[in-house]
**Student:** 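The following block contains the structure, expressed as structure tokens.
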Amino acid sequence: MKTVIEVENLVKVYNGKTSTVAVDGISFSIGRGRIFSFLGPNGAGKTTTVRVLSCLLKPTAGDAWVLGNSVKDNQVAIRENIGMLSENHGLYEKMTLEDNLNFFAGFYLDDKRTIEGRMAELLEEFNLSNRRHDKVGTLSRGLKQRASLIKTLIHDPAVLFLDEPTAGLDPKAAVELRKYITHLRDKMDKTIFICTHNLVEAQTLSDVAAIIDKGKIMRMGSPVELERDLFQSSSLRIESTRDIPVEMPRQIARELNITGRSEGKHARFFLPPGELDNLVPFIVKSLVEGGIPILEVAREEHTLEDIYLELMEREGNA
Amino acid sequence: MLRFKMLFKVTLKDMRENMKNKQISLVMILLPATFTIMIPLLLIVLPLKLMSHEDLLEAGMLVPGLEGAEAYLVYNWNTIILPFFVMVPLAITMSISSDSWAGEKERRTAESLLLLPLTDEELFLAKVLASLIPGLVITWACGITLTIIIDITMYPYLGYAFLPNASWLFHQLVLTPILAFFSIFINVWISYRSKDTKSAQQMGGLVFLVFIGFLVGGFLGVITLLTYVITLILGIIDIIFIYISPKVFSRERIMINT
């Protein structure tokens, strides 16, 4: 598979009154037609990485290549082939949607008929045909987000950077957008880099996910690989009829040298392989003795959310 | 190699946006009207109409070697009209260029603009042109209007067309572009480093020191000499700016300040 994005020991330091290391020596590569999700808390370095890859920021050390072009010296070539959806919609509010799209498309496409065709197709796809002559300032937040996505896609870029793509969208629109992102990968061979807090989104869409914190990649792989790598264990889900105090599962987990947490009326424990039969009775007994009525005990698959929370918890304990 | 066709798209977009910006439009209409119509009519034409023969004889003492209405016109031209006319290119370019980057940051569109496949030099030049073109066009239109007003109203007194003369042509064709460039470079630069238009305008107001200089020079009777000196100094500063600015301009600075 052809590598589209390659990052090698990338470092980004913001030099102000104090120096802040935003990205601390990360390396990864993304193949063509793949969806890569970058997960991490605020300030982890996700947006900085995307900004370096889209040539908005210069790397302090290391290098990165997009479609074979270095971010250090081939910025225009990179910008010609990428589309970026950022947290700000980036459209001119006093201009109509059509004027905005014409303006942005004009830097990539010469032919007016091509621009018009592409615009009509995308406006139709995102149900905005009837708003094309409206000023962007009159659109709702969700519609602006959709309009911004059209702006990102108008020049048919090979690589897409999507920063929180479904933020501000209603659930139906978010589901439709996720379908469209998958369509872009499957049918149009786009390489898509997503920054998200939305773990369900990352799980649903990603071929590869990386979890970043404090500028460093903590884990990377497909959601299945991450689970296997991180949890050589089973997940046990216990449901009660009442809320389980936060400290109780932690206390039990500490005694057994495992991880456990409370999630309202549920508790979740991560058990080492082969230990399920030995530890379940002890956990259930401890909860019952703690006054927690048990409704159901079930073994569960790990989600990307579990992986993320587990990593964050380990990092916090470290 | 600069791609003018590409960078001009940003310039045109900015010019269209500025036309819709009430604050900028107001400056572009009120200021020229004040300095090209109101001030000449109120300070030269109207008083001349009201002057008696004795007043005109007295006015002849204002400029040695000249008499009556001509002396009155030359005196007021040098001490008021010319220094105040300097305000036109300075204020118009200031109001537009202080909004150039700060406005993009304020409206949260800077990132979209920086993502365009333009080089830093092209992007910088696009912003400079978006201020320079309207600045020069409006100033020259004002210059022509002022020439017509002065000539029509003063011909009956002088018996010849006072404008254009050599110093007025120098003022329009040499000093005005130099002043416009100076104001734009200072203001684009401040706008580039500011977070919003308001703070950019507060800092950018520094260019009006040039106007103060002209005003003082006018009253001291050294306006012609001062015009040449200021043209030379600002011309050198502009050349330095033209050489340095595109090289120092960086997208990163805007992103970090946004």
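Below, read A as the first sequence line, B as the second, and so on, with proteins coming before strands; counting in each chain starts at 1.
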**Student:** Could you give me the CA-CA distance, side-chain angles and deciding distance for A:Lys12 and B:Glu252, then say whether salt bridge (charged side-chain N to carboxylate O under 4.0 Å, His left out) is met?
**Tutor:** CA-CA 12 Å; A:Lys12 180 64 194 172; B:Glu252 175 150 337; 2.5 Å; yes
**Student:** Using heavy-atom distances under 4.5 Å, tell me whether A:Glu93 contacts chain B through its side chain, its backbone, both, or neither.
**Tutor:**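 Nothing of A:Glu93, per the 4.5 Å heavy-atom cut-off to chain B.
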**Student:** Tell me, for A:Asn15 versus chain B, whether the close heavy atoms (under 4.5 Å) come from the side chain, the backbone, both or neither.
**Tutor:** neither
**Student:** Go through B:Leu118, B:Asn21, B:Asp120 and name the one with the most non-hydrogen pairs under 4.5 angstrom from chain A.
**Tutor:** B:Leu118
**Student:** Once rounded to the nearest 0.5 Å, what's the spacing between atom CG of A:Leu57 and atom CD1 of B:Ile256?
**Tutor:** 6.0 Å
**Student:** Heavy-atom pairs under 4.5 Å with chain A: which of B:Lys20, B:Lys13, B:Arg107 has the most?
**Tutor:** B:Lys13
**Student:** So which of A:His155, A:Lys58, A:His89 has the largest heavy-atom pair count under 4.5 angstrom toward chain B?
**Tutor:**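 Winner by heavy-atom pair count: A:Lys58.
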**Student:** Kindly give the heavy-atom pair with the smallest separation between B:Arg251 and A:Cys55, and that separation in Å.
**Tutor:** CD-O, 4.0 Å
**Student:** Which bit of A:Leu91 is near chain B, if near means a heavy-atom gap under 4.5 Å: side chain, backbone, both or neither?
**Tutor:** backbone
**Student:** Output the distance between atom CE (B:Met255) and atom OG1 (A:Thr47), rounded to the nearest 0.5 Å.
**Tutor:** 9.5 Å
**Student:** CZ/A:Phe103 to CD/B:Glu17 distance, rounded to the nearest 0.5 angstrom?
**Tutor:** 8.5 Å
**Student:** Assess whether atom CZ of B:Arg3 is packed by more than 12 heavy atoms of other residues, nucleotides or ligands within 6.0 Å.
**Tutor:**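 Buried by this count: over 12 neighbours within 6.0 Å.
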**Student:** For A:Glu121, is the CD atom crowded, meaning more than 12 foreign heavy atoms sit under 6.0 Å from it?
**Tutor:**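 For A:Glu121, atom CD is crowded (more than 12 foreign heavy atoms under 6.0 Å).
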**Student:** Can you tell me which portion of B:Arg16 sits under 4.5 Å from chain A's heavy atoms? Options are side chain, backbone, both or neither.
**Tutor:** neither
**Student:** Could you tell me the separation between the CG atom of B:Leu114 and the CZ atom of A:Arg79, rounded to the nearest 0.5 Å?
**Tutor:**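 Atom-to-atom, B:Leu114:CG and A:Arg79:CZ are 8.0 Å apart.
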**Student:** How long is the span from the CZ atom in A:Phe104 to the CG atom in B:Leu115, to the nearest 0.5 Å?
**Tutor:**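 Reported to 0.5 Å precision, the distance equals 9.0 Å.
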**Student:** To check you understand the geometry: which heavy-atom pair defines the closest contact between A:Gly90 and B:Ser112, and what is its length?
**Tutor:**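 Closest heavy-atom pair between A:Gly90 and B:Ser112: O-OG, 2.8 Å.
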**Student:** Starting at OH of A:Tyr92, measure out to CG of B:Leu113 and round the result to the nearest 0.5 Å.
**Tutor:** 4.0 Å
**Student:** Is there a side-chain contact between A:Val76 and B:Glu122, using heavy atoms and a 4.5 Å cut-off?
**Tutor:**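 SC-SC contact between A:Val76 and B:Glu122 ruled out.
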